[in-house]
Amino acid sequence: MRGKPDQRRFETLLREHRGIVFKVAGAYARSVHDRDDLAQEIAAQLWRSFGSFDERRAKFTTWMYRVALNVAISHARSAKRSAAEHLEPLDSVHLETIAGNGDAQQDAAERDERLAALHAFVAQLDALNRALVLLYLEDRSYAEIADVLGITETNVATKLNRIKQKLRAQQTREQTRGA
Amino acid sequence: MELDEMKQAWQQMTGRLDALQASNVKLRTDMQKDKVARSMRRTSLLIWFEAIVNGAGLLLLGTFVARQDALRFTMAALILYPAAIAIFASSVAQLTMLAKLDYGDEVLAIQKKLESLRMLRLRTVQMELLFSLLLWVPLAIVLMRAMFGTDLYSLGTSWLLADIALGTVAIPVLWLLARCFGSAFNRSAFGRFLVDDVTGRGLAEARIRMAALARFAEGQE
């Protein structure tokens, strides 16, 4: 049975790395409400799985990404089934929440443009490739990405190259169409 | 914009996100208050419930056989036995898979396990539907005998044969109805699950997802 010190330790770790929970939830949810629900779902699962966390086997952040992504992918799959619609996270509501207030208008416009491109790109990926890109955007090493997903480092590099090429080709097509 | 430029945009975005959420959202880990956690435990509770009911059914069937002195009732119960054992075995297998699930394991491994569990559940429901239609006559004979002491054999051989034929014909009829009018059940999750299962759509989708996981692992996707 887990005692209070365990819970205190968990809460400290969760507070320290809470960004992971929100970023994963943001990448897989459909709306702000859904994102908050998913974040709570991830936090609850993290606590339930905390007993089996072994720091000799994995870093806390690696373990946290695994739990968060496993919950988020399962959530996205069942949400897709129940809504019978395409998985479309990081919608305009997400972006408003994230990019919302404060900075000069020009900065905000530039940032919004880049975020919109990022949104459009992430939205077209399937759940597993979305996890891969999310970890890459989070600046995780290939070794850690491989460790989180359970694939080889070579496979990570191959997939990321393929995604980069796809993105380039897509943008070239869009530019040609625009010109 | 290259993926690396997107990385910069991402870093800026998440910096703001951290600041916003640190002040606005509190993550709860209290299981009792968390409605989402309850929904996640629903599947696990359902599997436990099914296992207990199936185990009890098997036990009652065994008791019924032991207490019968008329061979015709023993025969009816013995026809049900393989189906009851298969369904109970599937429940035990599902519980074992559930117990081995550790969300802290690698994403691909857990997603494969979840998909296998889902496929097993779908197959079990298909098996239950098929057995309940094909074996409803021996099931009715055993139930009526056990609960009310009634002998359904007294209704005659033609009644028995007609009911067996009815059960057999019901299978394609049910399949056709599910295909034609299945959309009417789309509002409820259970109704959708049942229709997907009867039509085989659920299993086909699960196979597609399993194949996608395999391709991802091999580096093809």
Side-chain angles (χ1 to χ4, degrees), chain A residues 10-11 14 18-19 21-23 26 36-37 39-41 43-49 52-53 58 63 66-67 69-71 73-74 77 81-82 84 97-100 111 114-115 117-118 121 126 128-129 131 133 136-139 147-151 154-155 158-160 163-164 167-168 171, chain B residues 1-18 20-22 24-31 33-41 101-112 114-115 118 186 189 192-193 196 202 205 209 212-213 215-221:
Chain A
F10 173 75
E11 280 168 0
L14 181 64
R18 53 191 283 143
V21 175
F22 291 117
K23 282 174 230 171
D36 292 345
D37 266 359
Q40 298 302 341
E41 197 173 327
Q45 185 60 50
L46 281 166
W47 170 235
R48 271 191 286 178
S49 298
S52 62
F53 166 61
W63 175 82
R66 284 177 180 174
V67 176
L69 285 167
N70 273 319
V71 173
I73 292 171
S74 304
R77 190 187 54 198
R81 251 201 327 267
S82 62
T97 314
I98 295 161
R111 193 179 57 236
R114 290 201 304 176
L115 287 175
L118 179 62
F121 174 64
D126 64 69
L128 286 168
N129 278 309
V133 169
Y136 174 78
L137 294 172
E138 283 285 281
D139 213 13
D147 205 17
V148 170
L149 296 179
I151 54 178
T154 321
N155 200 349
T158 311
K159 282 180 198 305
L160 281 172
I163 288 170
K164 283 176 184 177
L167 180 64
R168 252 177 244 136
Q171 284 177 347
Chain B
M1 187 162 67
E2 291 279 329
L3 196 58
D4 293 319
E5 289 175 71
M6 284 187 173
K7 198 188 243 184
Q8 286 172 11
W10 179 262
Q11 303 295 340
Q12 284 178 4
M13 179 188 84
T14 53
R16 295 185 63 79
L17 183 70
D18 284 347
L20 257 169
Q21 278 162 343
N24 291 339
V25 186
K26 181 170 172 23
L27 285 175
R28 297 187 313 265
T29 53
D30 183 347
M31 294 298 143
K33 289 176 188 168
D34 198 342
K35 66 179 173 124
V36 186
R38 277 205 302 273
S39 85
M40 282 177 75
R41 279 186 299 179
L101 268 184
D102 178 0
Y103 272 68
D105 279 348
E106 293 156 344
V107 173
L108 206 59
I110 289 298
Q111 293 307 314
K112 275 184 185 167
L114 284 170
E115 215 51 71
R118 186 172 150 69
N186 270 353
R192 204 170 38 246
F193 175 80
D196 281 356
E205 282 174 6
R209 277 195 297 272
L213 289 170
R215 281 197 304 274
F216 188 85
E218 288 162 11
Q220 294 171 19
E221 229 173 50

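Proteins come first, then strands; the chains are lettered A, B, ... in the order of their sequence lines, and each starts at number 1.
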Working to the nearest 0.5 Å, report the span between CD of B/Glu115 and CZ of A/Arg77. 4.5 Å

With only heavy atoms counted, which part of A/Ile151 is less than 4.5 Å from chain B, the side chain, the backbone, both or neither? side chain

Kindly write out the residues that satisfy salt bridge (charged side-chain N to carboxylate O under 4.0 Å, His left out) with A/Lys164, not counting sequence neighbours, or none if the list is empty. none

B/Glu106: what forms a side-chain hydrogen bond (donor to acceptor under 3.5 Å, both in side chains) with it, not counting sequence neighbours? none

Donor-acceptor contact present, side-chain B/Asp102 to main-chain A/Ser49, <3.5 Å: no

Approximate separation, where rounding is to 0.5 Å, of A/Ile73 CD1 and B/Ile110 CD1: 11.0 Å

To the nearest 0.5 angstrom, please state how far the CZ atom of B/Phe216 sits from the NZ atom of A/Lys159. 4.5 Å

Between A/Tyr136 and chain B, which part of the residue has a heavy atom less than 4.5 Å away: side chain, backbone, both or neither? both

Looking at CG of A/Leu149 and CD of B/Gln111, how far apart are the two atoms once the value is rounded to the nearest 0.5 Å? 10.5 Å

Quick one, A/Asn70 and B/Leu114 - any side-chain contact, counting heavy atoms below 4.5 Å? no

